[in-house]
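Hydrogens, waters and symmetry mates are skipped; everything else that's a heavy atom, side chains included, is used. Whatever order the structure lists them in is the order used to number ligands and atoms, beginning at 1. For clarity, every value in this text was computed on a predicted model and none was experimentally measured.
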Amino acid sequence: MKDQTVCVHHPEVSEAGFRSLTVPTHRASTIVYDDMTSFKARGSRGFDGYTYGLHGTPTTRRLEAQITQLHGGVRSILTPSGQAAITAIMLTFLMPGDRVLIPDNAYGPVRFFCSDYLEPRDIAYTVYDPTIGAGIEALITPEVKLIWLESPGSGTMEVQDIPAIVAVAKAHGILTGCDNTWATPLCFKPLAHGVDFAVEALTKYIGGHSDLLMGSITVSDIELRQKIKLVIRDLGIGVSPDEAALALRGIETMAVRIAHVGRVALEFANRLSAFPAVTRVLHPALPGTPGHEFWKRDFTGATGVFTVLLNPGTEAALEQALSAMKTFAIGASWGGTRSLMAPISPAGERSAVLWEHRGPVVRISIGLEAEGDLWADVEKVFSAALSASLKSPAYSD
Ligand SMILES: *Cc1c(COP(=O)(O)O)cnc(C)c1O
């Protein structure tokens, strides 16, 4: 073999005795075959075999298998983002003339996908009150093929009565999919409640370090998986093994991270409920949050994201105080090690149920910093808001 060829052929080395606790990162575009017989039979390898790097590597399959196990499903599919997981389902199962039902508190880009992409292609959508429960029956028409769920809504925290909605869907042969990003499979398992698609934005708690974008779809029916895989294969969608490796690292600490942020978030939510500038705290584990009874019935825990409604008149003071925070960062994509706080605007995003609250709305994601440092920021922000609300004419009666 000439040197030039040696440069291209990596020599075999023994792997005997090499056992590591980590998952190797298998990078590949092309997959090669031992002989012509296996090359000619490659078409029969199916979606569980290896045919092209885009369709899966041992690294991505390990992550898929781990998510499948956590969800109690049969297969998972990785996508380049959480949003892509949601749209892959809609692109696969909705045809012109069909309709999808989405909750009013859905992750914003889901609504945009329905209005900007689906609707011009003759796929209709109806936005429903997330607390509708069995009342969803009234929205069922022969065109409805998919009911989308997000529980709790990651902005405004309404917990849905998923078993009631699933019962209606099943009676009509309608598929259901649930964005489970807030809960993760550690706090809620949608498939166990009859949901067809459990979606996670791995970008959040599974990645856990604000350094990757990925999504997953888990199903308990292999046929559903085949259909989605066909569509994402045809669209040319896959994920990089390097990012899957990051997610495989993140998932190892997820349970400990969530136990911690869940405890701190609930503690802060409770304390904030007593703050005079706070109109209301929305946290699924707090009585009074819409659907709290379903959280108690169906969930096994809570994560680190919750929302605080402030009195009207506190806007300017709040903005100033947020800019002055020492430990929290201002940002939206939660689930990492850093705590985040940022205003959200449910008022502009609702169409089924009007958002009545007039004051500012702040979403808090608890990270892994020392609790005392975090509380110092929280106390400053919400006390600053208090002095403002006392001076505000909206509060002066
Ligand atoms: C972040 C998020 C998504 C989207 O995930 P990306 O990976 O950012 O596309 C979907 N749903 C919820 C609830 C989210 O928080």
Side-chain angles (χ1 to χ4, degrees), residues 60 63 67 71 76-91 100 102-114 116-117 130 148-160 162 176-188 190 195 197-218 232 235 237-240 243-244 246-247 250-251 254 257-258 261 265 282-284 291 295 299 302-307 329 331-336 338-342 344-346 349 361-367:
T60 59
L63 179 58
I67 295 166
H71 266 301
S76 296
I77 300 158
L78 298 177
T79 56
S81 68
Q83 172 71 359
I86 300 168
T87 60
I89 293 167
M90 295 188 177
L91 287 169
V100 55
I102 63 166
D104 213 4
N105 57 2
Y107 175 68
V110 173
R111 188 187 289 249
F112 296 144
F113 180 72
C114 292
D116 301 346
Y117 187 90
W148 195 247
L149 307 152
E150 181 176 322
S151 179
S154 60
T156 47
M157 301 291 144
E158 301 88 345
V159 184
Q160 298 196 261
I162 288 183
T176 50
C178 181
D179 184 334
N180 197 51
T181 302
W182 181 89
T184 82
L186 298 180
C187 297
F188 183 66
V195 172
F197 310 103
V199 162
E200 304 289 340
L202 309 185
T203 307
K204 307 291 168 54
Y205 282 123
I206 290 177
H209 295 75
S210 314
D211 58 358
L212 70 93
L213 290 151
M214 203 180 288
S216 67
I217 306 163
T218 307
I232 68 169
L235 288 171
I237 288 172
V239 305
S240 136
E243 292 216 303
L246 288 176
I251 202 171
M254 176 171 67
R257 285 186 281 112
I258 285 180
V261 300
L282 298 172
H283 183 300
W295 177 82
F299 285 57
T303 59
V305 178
F306 65 101
T307 297
S333 190
W334 42 270
R338 291 287 305 273
S339 295
L340 304 176
M341 214 188 296
I344 57 172
S345 322
E349 292 167 3
V361 182
V362 177
R363 187 170 60 182
I364 298 180
S365 168
I366 297 297

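If you look at S154 next to ligand 1, the close heavy atoms, those under 4.0 Å, all belong to the side chain.
Under the 30°/60° scheme for interplanar angles, the aromatic rings of Y117 and F113 are found to lie parallel. Taking the six-membered ring where the residue is Trp, H283 and F306 present tilted rings, their angle falling between 30° and 60°.
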Query raised in the report: Hey, mind stepping through I77 and F197 against side-chain contact (heavy atoms from CB on, under 4.5 Å) and telling me if it holds?
Result: CA-CA 11 Å; I77 300 158; F197 310 103; over 6 Å; no
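With hydrogens and angles left out, the side-chain atoms of S81 and Q83 include no donor and acceptor closer than 3.5 Å.
Ligand-side atoms of ligand 1 in range of Q83: 4 (C), 5 (O), 6 (P), 9 (O), range being under 4.0 angstrom from any heavy atom. For ligand 1, the atoms closer than 4.0 angstrom to any heavy atom of W334 are 15 (O).
Atom 6 (P) of ligand 1 has as its closest protein heavy atom G82 N, 3.3 Å. Of the protein's non-hydrogen atoms, the one nearest atom 8 (O) of ligand 1 is Y107 OH, 3.9 Å. Protein heavy atom in closest approach to atom 14 (C) of ligand 1: K204 NZ, 2.9 Å. In this structure, atom 12 (C) of ligand 1 lies nearest to the protein heavy atom D179 OD2, 3.4 Å.
Of the polar atoms of E150, none of the N or O atoms is found under 3.5 Å from an N or O of ligand 1, judged by distance alone.
Here the two rings, on W334 and Y205, have centers that are under 6.0 Å apart.
Considering I86, I232, L235 in turn, L235 is the only one that fulfils the side-chain contact (heavy atoms from CB on, under 4.5 Å) rule with L91.
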